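Contents: one structure, followed by commentary.
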Number of protein chains: 2
Amino acid sequence: MNGTTEMLKGILEGIILEIINEHETYGYEITSRLQQMGFDDIAQGTVYTVLLRLEKKQLVTVSSKKSTQGPMRKFYALNAAGQVELATFWQRWQFIEGQMNTLKGAK
Amino acid sequence: MNGTTEMLKGILEGIILEIINEHETYGYEITSRLQQMGFDDIAQGTVYTVLLRLEKKQLVTVSSKKSTQGPMRKFYALNAAGQVELATFWQRWQFIEGQMNTLKGAK
DNA sequence: ACTGGTACATAGTAAAACTAAGTAGGCGAA
DNA sequence: TTCGCCTACTTAGTTTTACTATGTACCAGT
């Protein structure tokens, strides 16, 4: 199983990938979603750096749309590569989750 | 819930803490244990840097013992602070695991 | 005009893990 | 007896990821 240590650092990226996959969305909304999930110590800026990274890796498509309440929103959607990446992420996650449960159960 | 983002980077440290908690052990053994678990892309050096960190944070006690097959082994055991840290780690882990399942289930 | 909520960007830093290389002890085979 | 192999630990330098902090800017309601 390769890439798992990579993902130990990359859970947030996977979470954001999944959120985007649910429906096209933008940074500010993702941030509040994470906050609602209880990840309230994730800094605002962090989400945008992840988003920029996803864009650079070409896992998402971006489109600016007007907001009624503020500046333009940058909407993100997963492309094919993004969906592959997301599937891989969940596979790695399940692997780790399984190992963690074994470890915990052995206590 | 605080410290969770910290732990996204710190799963390995928690795993090692748990392994040590099972029984007093040393770096080389931990490395092979991780390898057996399927974390075969964890570099040898990484384990030792984690171990050194645990020592610096004063979460473990260390004692050198002779080996019949090679150089001295440095055995690690959790102290009280280490056990507290381990408990905290599992709490954070369960939180994240729960959130991840919710996220995944919503697909 | 001012305040507050919405919305994105980025420079600099810190933490964690990686790569890579080195040191060194003990043992068995050639 | 020396050479290779497994055992065992260390550390310097790099990359990745997230954090802190700050800045920009749009819009609505008062």
Side-chain angles (χ1 to χ4, degrees), chain A residues 2-17 20 24-36 39-57 59-60 62-76 85 89 92 96, chain B residues 2-17 20 24-36 39-57 59-60 62-76 85 89 92 96:
Chain A
N2 63 26
T4 44
T5 59
E6 199 54 42
M7 83 132 287
L8 297 178
K9 296 194 284 179
I11 294 178
L12 182 60
E13 189 174 307
I15 291 173
I16 291 179
L17 236 24
I20 294 172
E24 198 186 38
T25 183
Y26 55 99
Y28 194 80
E29 195 176 60
I30 293 171
T31 305
S32 24
R33 175 80 191 277
L34 289 169
Q35 232 116 51
Q36 277 164 35
F39 293 114
D40 46 20
D41 47 359
I42 292 176
Q44 241 232 346
T46 301
V47 174
Y48 293 103
T49 54
V50 173
L51 255 13
L52 259 357
R53 196 160 71 232
L54 295 178
E55 205 179 332
K56 197 178 290 173
K57 286 193 198 171
L59 301 175
V60 290
V62 193
S63 53
S64 283
K65 289 176 190 170
K66 272 178 204 156
S67 163
T68 48
Q69 298 169 24
M72 300 281 274
R73 293 169 176 166
K74 278 181 71 178
F75 279 84
Y76 293 85
E85 180 67 24
F89 168 74
R92 288 175 180 160
I96 289 182
Chain B
N2 65 25
T4 44
T5 58
E6 199 55 40
M7 84 131 286
L8 297 178
K9 294 194 284 180
I11 295 178
L12 181 59
E13 188 174 308
I15 292 173
I16 291 179
L17 236 24
I20 294 173
E24 198 186 38
T25 183
Y26 56 99
Y28 194 81
E29 194 176 58
I30 294 171
T31 305
S32 24
R33 174 79 191 276
L34 289 169
Q35 232 116 50
Q36 277 164 35
F39 294 114
D40 46 20
D41 47 358
I42 293 177
Q44 241 230 348
T46 301
V47 174
Y48 292 103
T49 53
V50 173
L51 255 14
L52 258 357
R53 196 160 70 233
L54 295 178
E55 204 178 334
K56 198 179 288 171
K57 286 193 198 171
L59 301 174
V60 289
V62 193
S63 54
S64 283
K65 289 175 191 170
K66 272 179 204 157
S67 162
T68 48
Q69 298 169 22
M72 299 281 275
R73 292 169 176 165
K74 278 181 72 178
F75 278 85
Y76 294 85
E85 180 68 22
F89 168 73
R92 288 176 181 159
I96 290 182

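Note: hydrogens, waters and symmetry copies are ignored here, and every other heavy atom, side chains too, is used. Chain identifiers are assigned alphabetically (A, B, ...) following the order of the sequence lines, protein sequences preceding nucleic acid strands; residue numbering begins at 1 within each chain. These figures come from a predicted structure and were not determined experimentally.
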Which whole-number value in Å describes the distance from B/Tyr76 OH to D/dA8 P?
14 Å
Is there a side-chain polar atom (N or O) of A/Tyr48 under 4.0 Å from OP1 or OP2 of C/dC8?
yes
Under 4.0 Å from OP1 or OP2 of D/dC27: is there any side-chain N or O of A/Lys66 that close?
no
Side chain to side chain contact (heavy atoms under 4.5 Å, CB included) between B/Val47 and B/Tyr28, worked out
CA-CA 8 Å; B/Val47 174; B/Tyr28 194 81; over 6 Å; no
Rounded to the nearest 0.5 Å, how far apart are OG1 of A/Thr46 and CG of A/Asp41?
9.5 Å
Side-chain N or O of A/Tyr26 less than 4.0 angstrom from OP1 or OP2 on C/dC8?
no
Roughly how many Å is it from CG in B/Leu52 to C1' in C/dA15, rounded to a whole number?
15 Å
Just how far, in rounded Å, is P of C/dA9 from CG of A/Leu54?
13 Å
When you check every protein heavy atom under 4.0 Å of nucleotides 17-30 of chain C, what one-letter string (B, S, -) results, 5' to 3'?
SBBB---BBSS---
If you measure from CG on B/Leu12 to CD1 on B/Ile42, what distance do you get to the nearest 0.5 Å?
4.5 Å
Determine whether A/Met72 and A/Lys65 satisfy the following criterion, side chain to side chain contact (heavy atoms under 4.5 Å, CB included), listing intermediate values before the conclusion.
CA-CA 6 Å; A/Met72 300 281 274; A/Lys65 289 176 190 170; over 6 Å; no
Taking it one step at a time, do A/Glu55 and A/Tyr76 satisfy side chain to side chain contact (heavy atoms under 4.5 Å, CB included)?
CA-CA 9 Å; A/Glu55 205 179 332; A/Tyr76 293 85; 3.8 Å; yes
Can you tell me the distance, in whole Å, between the CD1 atom of B/Ile15 and the C1' atom of C/dA16?
13 Å
Is the closest side-chain heavy-atom distance between B/Ile11 and A/Ile11 below 4.5 Å?
yes
Side chain to side chain contact (heavy atoms under 4.5 Å, CB included) between B/Ile20 and B/Leu51: does it pass, once the steps are laid out?
CA-CA 10 Å; B/Ile20 294 173; B/Leu51 255 14; 4.0 Å; yes
B/Tyr28 has an atom OH; how far is it from atom C1' of D/dT10, in whole Å?
15 Å
Given atom CG of B/Leu17 and atom P of C/dA16, what is their separation to the nearest angstrom?
13 Å
Nucleotide D/dT24, atom P - distance to NZ of A/Lys74 in whole Å:
19 Å
To the nearest angstrom, the CG-P distance between B/Leu51 and C/dA16 comes to 15 Å
